[in-house]
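Below is one structure; the comments refer to it alone.
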Amino acid sequence: QTIRDRLFSKASDDQTKCPCKVTVGVGSVGMACSMSILLKNLATDLTLIDVIEDKLKGEVLDLNHGNLFLSNVHIDGGKDYSLSSGSKIVVITAGARQQVGESRLSLVQRNVNIFKHIVPKIAEHSPDAIIIVVSNPVDLMTYVAWKLSGFPRHRVLGSGTNLDSARFRHIIASRLSVSPSSIHACIVGEHGDSSVPLWSSVSVSGRSLTSIEPKIGQPDGPKGWDTVHKQVVDGAYDVIRLKGYTNWAIGLSCAEMVESILKNKHRIMPVSCFVKGMVGIKDDVCLSLPCVLNASGVNNIVQVNLNKSEKAALNKSATLIAKVQEDLKW
Ligand SMILES: NC(=O)c1ccc[n+]([C@@H]2O[C@H](COP(=O)([O-])OP(=O)(O)OC[C@H]3O[C@@H](n4cnc5c(N)ncnc54)[C@H](O)[C@@H]3O)[C@@H](O)[C@H]2O)c1
Ligand SMILES: *[C@@H]1O[C@H](CO)[C@@H](O)[C@H](O)[C@H]1NC(C)=O
Ligand SMILES: *[C@@H]1O[C@H](CO)[C@@H](O)[C@H](O)[C@H]1NC(C)=O
Ligand SMILES: *[C@@H]1O[C@H](CO)[C@@H](O)[C@H](O)[C@H]1NC(C)=O
């Protein structure tokens, strides 16, 4: 008899599995997502999957040592995707990241080659999961993951411009000295250089900023505000130049997506999903529009009100993604 047998008497043989399992990777982004998910107490099980075995074991051990301060989450990990089986959400953070000054689009073929290996295994072991793609270029990788998984479109989404929008709201908020959560503002399109800021719908307490200053955010508009979108686009490059990679903000933004899904919150967030047929987009592409996120994934996309120049910018963003997509080998 083990000490455990002497301590407990068995009350039932029920082997019901823990209900809320999330799988993530262990790079700098994967660990930031993991920590944000743990601190928000969203998962009962957290599984880390990667190809670097020592790093994996070390991260699992380190997190488990912290379990006293968490909610006794079952944390495990390894190279084998069977460990991820039955996940509610799989966050894909695997892949090459940008070097200083490198664009996201230049990573694409390298990451497609990785996805060819991992996405079919994810789908096999968690056929009912929702996949959240974070690897860059995230819009293309979301499309690739959707195709490789064979999942319905509402169950494959990308972190998209949720992060760009957070940067946008942070900059506007600090100019107005209020909290970013009190600014309504959204960036749509490609997560990257061709993203589209929707100045026409920026508002504070229902008051639209264009009602105060019609040219706000435009090159010929009020000083200071004209460079806000450029600061958003440059944001990632600045962080990469200074610390080598970005991770905390993407980890937090990803955990918020996980939360809206697992808790069925129906929050609206700009995330990447298949948008053909929306706002005049005619190509087979994924890009970000504001979406309702609930336990089923993305079932509803907001019919955003775009003016002529915003529509043209979104079309340009979609065309750029479609063009790179055409040349992918997979
Ligand atoms: N969408 C966003 O907003 C956003 C923000 C930041 C970073 N990213 C992207 O996230 C990705 C990861 O960035 P990072 O900084 O964590 O990089 P990283 O190098 O720290 O981590 C990448 C991880 O992927 C793993 N990996 C490589 N091949 C694999 C395979 N075949 N199977 C499983 N794992 C594999 C590596 O071992 C490594 O641990 C990059 O593509 C980066 O551009 C996206
Ligand atoms: C679209 O909206 C922006 C922001 O309100 C404005 O500056 C721009 O002139 C508008 N473009 C058109 C074509 O109406
Ligand atoms: C952009 O608009 C043009 C002209 O309407 C259209 O032919 C093209 O398919 C659109 N591009 C995308 C990506 O939808
Ligand atoms: C999520 O939202 C969609 C559309 O609004 C709805 O059909 C679906 O039932 C919702 N899912 C859950 C689990 O509530």
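Along the sequence shown, residues carry numbers from 1. Just follow the structure's listing: the first ligand is 1, and inside any ligand the first atom is 1.
- A distance of 4.0 Å separates CD1 in Ile301 from SG in Cys273, rounded to the nearest 0.5 Å.
- If you look at Val134 next to ligand 1, the close heavy atoms, those under 4.0 Å, come from the backbone and the side chain alike.
- Closest to atom 6 (C) of ligand 1 among all protein heavy atoms lies Thr246 OG1, 3.0 Å.
- Note: an N/O pair closer than 3.5 Å links Val29 and ligand 1 by distance alone.
- Side-chain polar atoms of Asn41 and Ser71 form a donor-acceptor pair below 3.5 angstrom.
- The distance from ligand 4 to the heavy atoms of His266 drops below 4.0 Å at these ligand atoms: 1 (C), 2 (O), 14 (O).
- Atoms of ligand 1 found under 4.0 Å from any heavy atom of Ile114 (numbered from 1 in listed order, with element): 28 (N), 29 (C), 30 (C), 31 (N).
- At a heavy-atom cutoff of 4.0 Å, ligand 1 is contacted by no atom of Ser253, backbone or side chain.
- Between Met257 and Val271 there is a side-chain heavy-atom pair separated by less than 4.5 Å.
- Interface of Asn111 with ligand 1, defined as ligand atoms under 4.0 Å from a residue heavy atom, comprises 41 (O).
- By the criterion of a heavy-atom distance under 4.0 Å, the side chain of Asn300, and not its backbone, is placed next to ligand 4.
- For the residue pair Thr23 / Ser87, a side-chain donor-acceptor distance below 3.5 Å is found, with atom types taken as modelled.
- Ligand 1 has no atom lying under 4.0 Å from any heavy atom of His117.
- Note: no N/O pair closer than 3.5 Å links Ile118 and ligand 1 by distance alone.
- Within a 4.0 Å radius of atom 7 (O) of ligand 4, the protein has no heavy atom.
- Distances below 4.0 Å separate heavy atoms of Thr210 from the following atoms of ligand 2: 4 (C), 5 (O).
- Closest to atom 12 (C) of ligand 2 among all protein heavy atoms lies Asn307 ND2, 3.4 Å.
- For atom 14 (O) of ligand 4, the nearest non-hydrogen atom of the protein is Asn264 ND2, 3.1 Å.
- For Asp164 and His191, the side-chain atoms include at least one donor-acceptor pair closer than 3.5 Å.
- The closest approach between any non-hydrogen atom of Pro214 and ligand 2 is below 4.0 Å.
- With a 4.5 Å cut-off on side-chain heavy atoms, Gln109 and Leu328 count as touching.
- Comparing Ala249, Ala94, Gly95 by heavy-atom distance to atom 22 (C) of ligand 1, the nearest is Gly95.
- Atom 15 (O) of ligand 1 has Ser28 OG, 2.7 Å as its closest protein atom, hydrogens excluded (heavy atom only).
- Between the side chains of Asn307 and Ser200, no donor-acceptor pair is found at a separation under 3.5 Å.
- In the model, Ser82 has a side-chain atom that pairs as donor or acceptor with a side-chain atom of Asp80 under 3.5 Å.
- Every atom of ligand 2 is numbered from 1 in the order shown, and the set under 4.0 Å from a heavy atom of Lys308 is 13 (C).
- Side-chain contact check for Ser103 and Gln98: no donor-acceptor pair (N or O, by modelled atom type) lies under 3.5 Å.
- Protein heavy atom nearest atom 18 (P) of ligand 1, with residue, atom name and distance: Arg97 NH1, 3.6 Å.
- Nearest-heavy-atom check against atom 4 (C) of ligand 1 across Leu56, Asn136, Asp139, Asp164 picks out Asn136.
- Of all the atoms in ligand 4, the ones that sit under 4.0 Å from a non-hydrogen atom of Asn294 are 1 (C), 2 (O), 3 (C), 8 (C), 10 (C), 11 (N), 12 (C), 14 (O).
- The cationic group of Arg153 does not satisfy the cation-pi geometry with Trp146, failing either the under 6.0 Å distance to the six-membered ring centre or the 45° limit from the ring axis.
- Nearest to atom 9 (O) of ligand 4 by heavy atom, out of Ser296, Ala295, Gly297, is Ser296.
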